[in-house]
Amino acid sequence: MRYFITFLVIGFLFSCQMDKNLKTGTLSVTGRYCKYPDNNFMSLPLQLYQNDVRIKNDTIDFISGEAKFEDLPFGKYSFRFKSIYDIEETFEFEIKNKTQEITLCIDNIDYELVTNSLLIDQLKPYEKLKIDFQSHGCFHSENTRLEIIRTDERYLAKIEETEIVLSNTQFELVREFEIELRELTSGGYCTTFDTYNLTISKNSENIKLIDGWCIWNGFINLLEKLGLENNYS
């Protein structure tokens with residue numbers, strides 16, 4: 001009996017020492033726009049997983065600015081969340097410090113995975129892609145057209161009386177804009193609704209979408225990246 005009690009005491013002390021040596025950390029998580037940093041951050045629901053087991057849910061919003069997870073044992077974890085394009089994203093990481101910080105990009109998209117034939121890629125010489133944009137809210141109503149024109153050897157962008165020659169980088173930005181637009185879903189809860197209508201003359205295919213989410217602002221962002229924001233009013 002004496003040996004049994006001694007064994008229990010040793011086992012208890014060993015267990016306490018193991019618990020004492022168990023290292024844990026505190027994790028602070030923020031969300032942000034990586035491609036469009038000027039966009040207003042709204043909210044980001046996310047789930048924390050360890051070994052494919054969900055252990056906690058939380059939401060980062062524009063008020064708190066972050067989510068905090070405390071007493072996480074050192075090890076490998078992952079966050080799962082949806083981007084602004086409603087695409088499931090997984091971010092893997094490892095807790096190995098007492099305090100750590102992580103930033104999640106909410107506007108990520110893999111442009112290489114696009115399988116659709118883009119309108120911008122269908123342009124023939126001297127054809128134009130017309131991007132008609134309308135924005136309507138409680139206190140504003142705006143209509144603007146951006147035209148992408150193909151010549152024999154280059155692409156032009158024209159808005160109102162301003163016309164520029166697109167560099168290869170700028171042309172890719174237009175392609176990315178169309179890809180992002182195709183990934184968005186119509187609808188939303190915002191008081192401002194942006195309507196997009198993309199057409200090519202004599203082409204039966206067109207894209208039309210009403211964005212009421214207030215989380216993308218694709219047209220304004222495109223003009224800024226092309227250096228044409230001063231032509232929008």
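When a residue number appears, it is its place in the shown sequence, counting from 1. Reckoned from all heavy atoms, side chains included, excluding hydrogens, waters and symmetry mates.
Put simply, Leu173 and Ile149 are part of two different groups of oily side chains (I, L, V, M, F, W, Y) that touch within less than 4.5 Å, one to the next. When the side chains of ILVMFWY residues are joined at heavy-atom separations under 4.5 Å, either directly or via intervening members, Ile120 and Leu113 end up in two distinct hydrophobic clusters. Note: the hydrophobic cluster containing Ile106 also contains Tyr111 (ILVMFWY, side chain heavy atoms under 4.5 Å, direct or indirect links). Hydrophobic cluster membership is shared by Leu27 and Phe74, with clusters built from Ile, Leu, Val, Met, Phe, Trp and Tyr side chains linked at under 4.5 angstrom. Cluster annotation: Ile220 and Phe193 are assigned to distinct hydrophobic clusters (Ile/Leu/Val/Met/Phe/Trp/Tyr, side-chain heavy-atom contacts under 4.5 Å, transitive).
Pairing each heavy atom of Leu156 with each of Val165, the nearest pair is CD2-CG2, 3.6 Å. The nearest pair of heavy atoms linking Thr59 to Pro45 is OG1-CA, 3.8 Å. Looking at every heavy atom in both residues, Asp58 comes nearest to Phe69 through CB-CZ, 3.9 Å. Residues Leu146 and Leu223 come closest through the heavy atom pair CD2-CD2, 4.1 Å. For the pair Gln100 and Lys96, the tightest heavy-atom approach, listed with the atom from each and the gap, is OE1-N, 2.6 Å. The minimum heavy-atom distance between Leu226 and Ile164, with the atom names listed, is O-CD1, 3.7 Å.
Contact annotation: the side chain of Ser135 approaches that of Thr192 to within less than 4.5 Å [non-hydrogen atoms, C-beta and beyond]. Residues Ser83 and Asn108 form no side-chain contact, since every pair of their non-hydrogen atoms from C-beta on lies 4.5 Å or further apart.
Distance CD/Glu180 to CG/Asp107: 7.5 Å, rounded to 0.5 Å. Taking CD1 of Ile148 as the reference point, atom CG of Leu198 lies at 9.5 Å (rounded to 0.5 Å). In this structure, CD1 in Ile215 is found 8.5 Å from CE in Met42, a value given to the nearest 0.5 Å. Rounding to the nearest 0.5 Å gives a distance of 5.5 Å between CD of Glu147 and CZ of Arg145.
For CG of Asn168, the number of neighbouring non-hydrogen atoms (other residues, nucleotides, ligands) closer than 6.0 Å is 12 at most. The neighbour count for Glu101 CD, taken as heavy atoms of other residues, nucleotides or ligands under 6.0 Å away, does not exceed 12. Annotation: Lys35, atom NZ; neighbour count of heavy atoms from other residues, nucleotides and ligands within 6.0 Å is above 12. Surrounding NZ of Lys158 are at most 12 heavy atoms belonging to other residues, nucleotides or ligands under 6.0 Å away. Other residues, nucleotides and ligands place more than 12 heavy atoms under 6.0 Å from the CD atom of Glu205. Counting non-hydrogen atoms of other residues, nucleotides and ligands closer than 6.0 Å to CG of Asp121 gives a total above 12. Atom NZ of Lys98 sits in a crowded spot, with more than 12 heavy atoms from other residues, nucleotides or ligands closer than 6.0 Å.
Here the two rings, on Trp213 and Tyr85, have centers that are 6.0 Å apart or farther.
With respect to Arg154 and Glu163, no salt bridge is recorded, no charged nitrogen being found less than 4.0 Å from a carboxylate O. Salt-bridge check for Glu172 with Arg175: passed, with a basic side-chain N closer than 4.0 Å to an acidic carboxylate O. A salt bridge between Asp52 and Arg80 is present, with a side-chain N of the basic residue lying under 4.0 Å from a carboxylate O of the acidic one.
Exactly one residue among Phe93, Phe91, Tyr49 makes a ring pair (Phe, Tyr, Trp, His ring centres under 6.0 Å) with Phe79. That residue is Phe93. Remark: of the listed residues Tyr36, Phe133, Trp216, Trp216 is the sole one forming a ring pair (Phe, Tyr, Trp, His ring centres under 6.0 Å) with Phe177.
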Verify side chain to side chain contact (heavy atoms under 4.5 Å, CB included) between Leu118 and Arg182, making sure each step is shown before the conclusion.
CA-CA 9 Å; Leu118 302 178; Arg182 288 173 178 267; 3.5 Å; yes

